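Step one of this worksheet: look at the structure below.
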Amino acid sequence: QVQLVESGGGLVQAGGSLRLSCACSARTFTAYGMAWFRQAPGKEREFVAVISRDGASAIYTDTVKGRFTISRDNAKNTAYLQLNSLKPEDTAVYYCAASLVEELITERNRYPYWGQGTQVTVSS
């Protein structure tokens, strides 16, 4: 059973930054593509970013391109999401997800492993 634990959320003013972390319990972390999703109140959970097993490739949703950066440290079994130039509309619970599928996937129903989420609140 793979466990994912997110951390790093908080309250920040618009224009500020946060760094989210996702610690993974898998023995073979490099077998998993890692992604971040978010869910704002009253909205569906949406894709934010995904990174390949080796960290060489990534995909972002258009609304965060140029502001957010996904990365991973395979030696530490941890994925990260750097959030810069935050906007109030970025306010959401951010979830880490993992999948054994080799290609980069953006559909949430293809991720079997999820963390409990971390709250990001951006004030105007």
Side-chain angles (χ1 to χ4, degrees):
Q1 183 71 13
V2 174
Q3 293 186 332
L4 304 173
V5 179
E6 302 97 331
S7 60
L11 173 63
V12 63
Q13 289 188 333
S17 298
L18 285 172
R19 188 194 196 202
L20 307 183
S21 298
C22 172
C24 179
S25 68
R27 294 182 63 183
T28 53
F29 181 60
T30 53
Y32 294 85
M34 300 298 295
W36 289 92
F37 289 75
R38 68 185 179 184
Q39 187 167 17
K43 295 187 177 182
E44 291 189 352
R45 193 172 299 186
E46 64 173 359
F47 167 79
V48 175
V50 59
I51 191 166
S52 60
R53 297 169 175 179
D54 62 0
S57 303
I59 297 175
Y60 299 89
T61 191
D62 287 345
T63 55
V64 308
K65 283 181 181 177
R67 300 190 299 123
F68 292 7
T69 302
I70 189 171
S71 62
R72 64 191 295 162
D73 186 334
N74 286 342
K76 295 183 178 180
N77 277 30
T78 302
Y80 304 96
L81 187 67
Q82 179 69 41
L83 290 68
N84 296 331
S85 302
L86 281 161
K87 305 175 181 179
E89 51 264 42
D90 294 318
T91 295
V93 177
Y94 283 71
Y95 296 90
C96 175
S99 172
L100 287 168
V101 175
E102 185 173 359
E103 66 264 31
L104 299 177
I105 52 176
T106 63
E107 300 91 343
R108 68 175 186 263
N109 61 2
R110 297 184 67 185
Y111 285 89
Y113 306 109
W114 292 85
Q116 82 290 348
T118 186
Q119 176 71 47
V120 171
T121 303
V122 184
S123 63
S124 57

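Please read these numbers as outputs of a predicted model, since none were measured by experiment. Throughout, residue positions are numbered sequentially from 1 according to the sequence presented.
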Query - Verdict with reasoning, Y32 to L100, per side-chain contact (heavy atoms from CB on, under 4.5 Å) - result: CA-CA 5 Å; Y32 294 85; L100 287 168; 3.5 Å; yes
Query raised in the report: With no hydrogens and no angle check, is any side-chain donor or acceptor of T78 less than 3.5 Å from a backbone partner on A23?
Result: no
Requested in this report: State whether the number of non-hydrogen atoms from other residues, nucleotides or ligands found under 6.0 Å of Q3 atom CD is greater than 12.
Outcome: no
Query raised in the report: Measuring from S57:OG to I70:CD1, what's the distance to the nearest 0.5 Å?
Result: 11.5 Å
Query - Chi angles and distances behind the side-chain contact (heavy atoms from CB on, under 4.5 Å) call for Y111, V50 - result: CA-CA 11 Å; Y111 285 89; V50 59; 3.3 Å; yes
Query raised in the report: Any chance CD of E107 has more than 12 other-residue heavy atoms, nucleotides or ligands included, within less than 6.0 Å?
Result: yes
Query raised in the report: If only atom types and distance count, is the side chain of R72 paired as donor or acceptor with the main-chain N or O of G33 below 3.5 Å?
Result: no
Query raised in the report: For F47 and I105, which heavy atoms make the closest approach, and how far apart are they?
Result: CE1-O, 4.1 Å
Query raised in the report: Does a side-chain heavy-atom distance below 4.5 Å link V101 with R110?
Result: yes
Query raised in the report: Under a single-linkage definition using a 4.5 Å side-chain heavy-atom cutoff for Ile, Leu, Val, Met, Phe, Trp and Tyr, are V64 and L18 assigned to the same hydrophobic cluster?
Result: yes
Query raised in the report: For Y60 and T69, which heavy atoms make the closest approach, and how far apart are they?
Result: OH-CA, 3.4 Å
Query - E6 backbone acceptor or donor facing Y94 side chain under 3.5 Å - result: no
Query raised in the report: Taking all atoms of both residues into account, what is the closest heavy-atom pair of S85 and S17, and its distance?
Result: N-OG, 4.4 Å
Report summary line: Smallest heavy-atom separation, I51 atom then S71 atom, equals CD1-CA, 3.5 Å
**Report entry** Geometric cation-pi criterion, R108 with Y95: 6.0 Å, 45°
**Finding:** no
Query raised in the report: Closest heavy-atom contact between L4 and A98?
Result: CD1-N, 3.8 Å
**Report entry** Neighbour count above 12 (heavy atom, 6.0 Å) for E103 CD
**Finding:** yes
**Report entry** S52 vs L104 side-chain heavy atoms within contact, under 4.5 Å
**Finding:** yes
Query - Chi angles and distances behind the side-chain contact (heavy atoms from CB on, under 4.5 Å) call for F68, W36 - result: CA-CA 11 Å; F68 292 7; W36 289 92; over 6 Å; no
Query - Main-chain N/O of F29 paired to N74 side chain as donor or acceptor, under 3.5 Å - result: no
Report task. Check T91 against V122 and note the closest heavy-atom contact, atom names and distance. Result -> OG1-N, 2.9 Å
Query - Non-hydrogen side-chain atoms of V12 and L83 separated by less than 4.5 Å - result: no
Requested in this report: Could you tell me which residues satisfy side-chain hydrogen bond (donor to acceptor under 3.5 Å, both in side chains) with D90, sequence neighbours excluded, listed by chain and number?
Outcome: R38, R67
Query raised in the report: Do side-chain atoms of R53 reach the backbone of A31 as a donor and acceptor pair under 3.5 angstrom?
Result: yes
Requested in this report: Answer yes or no: is there a donor N or O on one side and an acceptor on the other, between the side chain of Q39 and the main chain of A92, under 3.5 Å?
Outcome: no
Query raised in the report: Could you give the distance from CG (L81) to CE (M34), rounded to the nearest 0.5 Å?
Result: 11.5 Å
